[in-house]
Amino acid sequence: MSFRTTTDIGYVEDVSPGAGALPPRAWYASSDARSLSLNGRWRLRVSATADAEDDSFAEEGYDAGDWAEVTVPGHWVLQGEGAFGSPVYTNHLYPFPVDPPRVPTENPTGDHLRVFDLPQGWPDVSEGGFVLRFDGVESCARVWLNGTDIGEFKGSRLAHEFAVGHLLRPSGNILAVRVHQWSAGSYLEDQDQWWLPGIFRDVTLLHRPAGSVLDFFVHASYDHVSAEGTLRVDSDVDGRVTVPALGVDVPTGEAVTVPVQPWTAETPTLYDGELVTEGERVALRIGFRTVELADGLIKVNGRPILFKGVNRHEWHPETGRALDPETMREDVLLMKRHNINAVRTSHYPPHPAFLDLCDEYGLWVIDECDLETHGFVEQDWRDNPVDDDRWTPALLDRAARMVERDKNHPSVVIWSLGNEAGTGRGLTAMADWIHGRDTTRLVHYEGDLNCRDTDVYSRMYAFHEEVERIGRGLDGGTLRRRQLPFILCEYAHAMGNGPGGLADYQRIFEAHDRLQGAFVWEWIDHGIKHPELGYAYGGDFGEELHDGNFVCDGLVLPDRTPSPGLVEFKKVIEPVALTASEDGTVRVTNKQDFADLSALAFTWAFQVDGETVASGDLTVPALTAGESADVKLPQPPADAPAGAETGWTVRALLAEDTAWGSEGHVVAWGQVPVSARTLPSVTATAVPVVGERLITLGPASFDARTGELRSIGPVEVTGLRLDVWRATTDNDDGAPWQSDVRHGVLWRKLGLHRMRHRLDAVEVGPDALTVRTRVAPAAWEQGLATVYRWSSDGDRVQLTVSVTPEGDWTVPLPRLGVRFGLSEADRLTWFGGGPGEAYPDSRAASTVGRWQSTVDGMQTPYVRPQENGARADVRWAELGGLRVEGDPEFWFTARRWTSEQLDAARHRSDLVPGGTVWVNLDHGQHGLGSQSCGPGPLPQYFLNAAPAEFSFVFTATG
Ligand code: IPT
């Protein structure tokens, strides 16, 4: 039996990269040759299979009047409100049967049509040279111009060009593009992200005049000994290269050496130049820098660098991977403002305009090829395309399309072969080709454990301890590997609340030369804006296979609001350390790799109980990279009231507006305590009075039978009791594949979310009310003997909570403290850590001061709701008519729903404010870690069940 199809779709499942496209070349904007953007509204028809419709739509006279319209660039599944299908999210599982290179019959296919005229004044079409460029189409496209089939291609995030001069006419050109969601190429694009078909990057018609530039390679190195740059532009078409600021005017292919300022991510000096051939002028932005592997280290311009990086996927909550220029710029600005100095373009080359921004603003880039075959892990990597010679041409095509397109960016210092593709000959072939084509950069691939093909030892999610061993050179591995520098291409999985442990990693990186930094996974949550759910994640579109909210694991929320994790990262990687030193001095250390401190200004502020009472400028020498100095602080103002807490805050600010930040932007800061506060205490003078229903003690009243707090002054208080539960974070729950202890799972098994409170005694003494309880879950012996002791001086009331674990506690607690409900609370003020959220292993950014917020303002709206919003080191807080002082400091949380409601919520929209504000005053919180894909919290951040006593003093503020 044989099947007949109306149209030839063999190319869809063909392992070849395609047919008809021009060889890859540098991506650049011409200064004088014309170009016509074909972005905009296109006609669209989506069919269920690759061959449902014939190709007559590409022909003249076809009437597409009843087709829908979509915006190009775009993904059709994100337009038309579901009319054209839906997004699908899987992490590494292929959402189709694994039978390479075959793809399912159900293969959503979008036929795109656009009619265009050449603008007035354009050269005559008979003059030849016109090129049609596609910057990104997922996953396979076939193209017709004016009825002629001009070719087909795969390689979704790579540019493809076609010579079309012979087919163009002045007006009424019909461009037809058939896009298949699935193709052989899909096997090479198994990145952890939404599957989003469409023409998602620009489509452009370029005029290529006779004698125009074809391809060129800018070689601009820097000799740090002579402080000279050497420039040579190799060009397929001969011409001249000029750089006016350097007095350079040389033919292409000829090297010239001149004194220059080098390019680094810290000092991104670019020289404007021009490449002029007979037919065209092309603007050049030249950055001089030399990347090398020397003394076992990655060095730029002779110095080792430290990556403080992020993994960036392209993402916009409404347009997916179709990014507008403003969004790209926003990413770069946000990164620079948060002290980030490096980007890994996980896991494909980004829109080329993003790399222009990296050149301009200064970010080191690991440019990664569009290659991942992760799903083959499920079959022990059998049939992995990277180890099957039939696929090697496609792999080499992808490598070449990346390198050729992006080779003129000074920001790109490392090429990456791809991500999670196992090992195989195809990868070696890619590495060999890249090494041969570009000797001026290094090659990275994390999957190459022995570093056979790569120039840097790279891993993901290695635990702190192992990283430290690697730093000390105590790891095993091949001799070659042990001679190479180390990076973590992914670490600190930023899913939901977290990551914890950033500061601990950074200390290790900074302690060992071999460790050259790391890239947080990842930059942004890929939530999709959704009318009912807030942001959608995997499963919200009815996918039969999906990985839930694993796609929301970024340092910024889907709308690019910085999460507390980003604020923490900014602090941990700050380029200047400001630390307390001996006798009234502050130690200033320039932690940059190149720049001195001349771009920064420094200030001091003196605080009394968190309020600044004096401030001024601090004179700091323009220390060179790596240098430190002790700087004297002024005399502390003498008039601080007795018992007040005092201290210094020292800040490093941008001295002037820069390209990415305005004057006064805080780059780094440190706090130096001077004197500690007097701890609150209440002299127990009030006598408890037992009434029929209530016991009163000073301003407080209690239920006479249960001893439960009812009110303090006019403020009604409900449900005050011990609380150990938190709505588990993604990092508490951990990744299902992880074999080591996952606390969220153990907590639920033990029933810490269903603790019962047994009342053992209500004791009225001469100066205190004591309530004895045992807090424990059904089914287990473990419990917490909990005693609440209340006393008062008539105005204030003090609660001391004593907790004694009983039974065999092998599991730490999520939190330990009290919670209670207030009927009215909105604005709040506190003295302690802020302004944002903090947890034990993510508290570097928490600044001691006087802070104000609202209950709503205290929430971090993680896409999947979970524990959030705690403020650290709180000395006192005021809300809802109450003032609470802690002995010792406490963790402070307030929200309009209970932890149980937070725990049950799947989306933001599930969180409906009730009439009560629930307040948690915690003596302890368990650390966060990043076990959603990495290590759990380090042991020092465990909240182990141990005898504890803590107290609070409550005052009604009236
Ligand atoms: C690692 C992937 O490289 C990345 O794409 C992402 O999936 C990340 O994990 C988790 O969010 S792979 C993992 C098996 C370590």
Is any side-chain heavy atom of Val46 less than 4.5 Å from a side-chain heavy atom of Trp76? yes
Report yes or no: is the cationic atom of Arg43 (NZ for Lys, CZ for Arg) closer than 6.0 Å to the six-membered ring centre of Phe57, at no more than 45° off its axis? no
Is any side-chain heavy atom of Lys154 closer than 4.5 Å to a side-chain heavy atom of Pro17? no
Kindly compute the distance separating CG (Leu355) from CE (Met328), expressed to the nearest 0.5 Å. 10.0 Å
Quick one: do Thr252 and Arg240 satisfy side chain to side chain donor-acceptor pair (under 3.5 Å)? Show the steps, please. CA-CA 5 Å; Thr252 53; Arg240 287 198 80 79; over 6 Å; no
Using the salt bridge (charged side-chain N to carboxylate O under 4.0 Å, His left out) rule, take Asp331 and Arg560 through it: C-alpha gap first, then chi angles, then the decisive distance, then the call. CA-CA 8 Å; Asp331 276 350; Arg560 292 185 158 70; 2.6 Å; yes
What distance do Asn419 atom CG and Leu371 atom CG have between them, rounded to the nearest 0.5 Å? 9.0 Å
List the atom of Asp32, the atom of Arg281, and the distance in Å for their closest heavy-atom pair. OD1-N, 3.0 Å
Mind checking whether His313 and His347 have parallel, tilted or perpendicular rings, split at 30° and 60°? perpendicular
Are any of the side-chain heavy atoms of His374 and Gln191 separated by less than 4.5 Å? no
With distance as the sole test, does Asp215 use its side chain to make a donor-acceptor pair with the main-chain N or O of Ala26 at under 3.5 Å? yes
Answer whether the closest heavy-atom distance between the side chains of Asp111 and Trp42 falls below 4.5 Å. no
Let me know which of Asp356, Asp272, Asp359 forms a salt bridge (charged side-chain N to carboxylate O under 4.0 Å, His left out) with Arg285. Asp272
Apply the test side chain to side chain donor-acceptor pair (under 3.5 Å) to residues His351 and Asp135: give CA-CA distance (whole Å), side-chain angles for both, the deciding distance (0.1 Å), then the verdict. CA-CA 8 Å; His351 189 291; Asp135 286 321; 4.8 Å; no
Trp433 vs Val403 side-chain heavy atoms within contact, under 4.5 Å: yes
OG1 (Thr561) and CD1 (Ile524) are apart, to the nearest 0.5 Å, by 9.5 Å
Pair Tyr537 + His526: ring centers closer than 6.0 Å: no
What verdict does the side-chain contact (heavy atoms from CB on, under 4.5 Å) test give for Met335 and Val343, after you've listed the backbone C-alpha separation in whole Å, the side-chain angles of each residue and the deciding distance to 0.1 Å? CA-CA 9 Å; Met335 288 175 192; Val343 179; 3.6 Å; yes
Where do Pro100 and Trp391 come nearest, in terms of heavy atoms and distance? CB-CZ2, 4.0 Å
Please determine whether the number of non-hydrogen atoms from other residues, nucleotides or ligands lying under 6.0 Å from atom CZ of Arg169 exceeds 12. yes
Heavy-atom side-chain contact between Arg157 and Glu368 under 4.5 Å: no
Could you tell me if the ring centre of Phe162 sits under 6.0 Å from that of His160? no
Closest non-hydrogen atom pair between Thr204 and Ser35, with its separation: CG2-CB, 4.1 Å
Nearest 0.5 Å, please: how far is CG in Leu545 from CG in Leu93? 5.5 Å
Between His75 and Phe200 (judged by ring centroids, cut-off 6.0 Å), do the two rings come close enough to count as a pair? yes
Does the side chain to side chain donor-acceptor pair (under 3.5 Å) test come out yes or no for Ser30 and Glu280, once each step is laid out? CA-CA 7 Å; Ser30 181; Glu280 186 178 24; 2.5 Å; yes
Pair Leu188-Leu395, side-chain contact (heavy atoms from CB on, under 4.5 Å): steps then yes or no: CA-CA 9 Å; Leu188 305 181; Leu395 303 181; 4.1 Å; yes
Hey, does Glu360 have a side-chain heavy atom less than 4.5 Å from the side chain of Arg329? yes
Qualifying residues under ring-ring contact (aromatic ring centres under 6.0 Å, His included), relative to Trp195, sequence neighbours excluded: Trp182
Holding to side chain to side chain donor-acceptor pair (under 3.5 Å), I want the full list of residues that pass it with Arg441, two or more places apart in sequence or in another chain. Asp438
Is it true that, when you exclude Glu278 itself, more than 12 heavy atoms of the residues, nucleotides or ligands shown sit nearer than 6.0 Å to its CD? no
Apply side-chain contact (heavy atoms from CB on, under 4.5 Å) to the pair Arg401 and Phe153, showing each step before the final yes or no. CA-CA 12 Å; Arg401 284 187 188 281; Phe153 61 93; over 6 Å; no
So if I apply the side-chain contact (heavy atoms from CB on, under 4.5 Å) rule between Leu175 and each of Val115, Leu113, Leu145, Leu205, which one comes out positive? Leu145
As an exercise, state the distance from CD of Glu314 to CZ of Arg312, rounded to the nearest 0.5 Å. 5.0 Å
Work out which heavy atom in Asp149 is nearest to a heavy atom in Val143; give both atom names and the distance. OD1-O, 3.5 Å
Under 4.0 Å between a Lys/Arg side-chain N and an Asp/Glu carboxylate O for Arg178 and Glu152? no
At what distance, to the nearest 0.5 angstrom, does CG of Leu427 lie from CG of Leu417? 6.0 Å
Decide if atom CD of Glu254 counts as having more than 12 heavy atoms of other residues, nucleotides or ligands within a radius under 6.0 Å. yes
Main chain of Arg102, side chain of Tyr187: is a donor-acceptor contact present, judged purely on distance under 3.5 Å? yes
Regarding Asp51 and Thr49, is there a side-chain donor-to-acceptor distance under 3.5 Å anywhere? yes
For the residue pair Ser156 / Glu138, report whether a side-chain donor-acceptor contact shorter than 3.5 Å exists. no
Take Leu158 and Arg405 through the side-chain contact (heavy atoms from CB on, under 4.5 Å) test and state the conclusion after the steps. CA-CA 8 Å; Leu158 294 162; Arg405 195 196 74 167; 5.6 Å; no
Taking all heavy atoms of Asp370 and all of Gly155, pick out the closest pair and write down the distance. OD2-C, 4.0 Å
Ring geometry between Trp194 and Phe541 (parallel below 30°, tilted from 30 to 60°, perpendicular above 60°): perpendicular
Any side-chain heavy-atom pair of Asp192 and Asn91 under 4.5 Å: yes
Looking only at heavy atoms, which two atoms of Leu275 and Ser235 are closest? And how far apart? CD2-OG, 4.4 Å
Side-chain donor/acceptor of Asp525 to backbone N/O of Gly554, under 3.5 Å: yes
Answer yes or no: does atom CZ of Arg34 have more than 12 heavy-atom neighbours from other residues, nucleotides or ligands under 6.0 Å? yes
Intermediate values then yes/no, salt bridge (charged side-chain N to carboxylate O under 4.0 Å, His left out), Glu69 and Arg41: CA-CA 6 Å; Glu69 279 193 12; Arg41 300 296 282 173; 3.3 Å; yes
For the ring pair Tyr11 and His180, is the centre-to-centre distance below 6.0 Å? yes
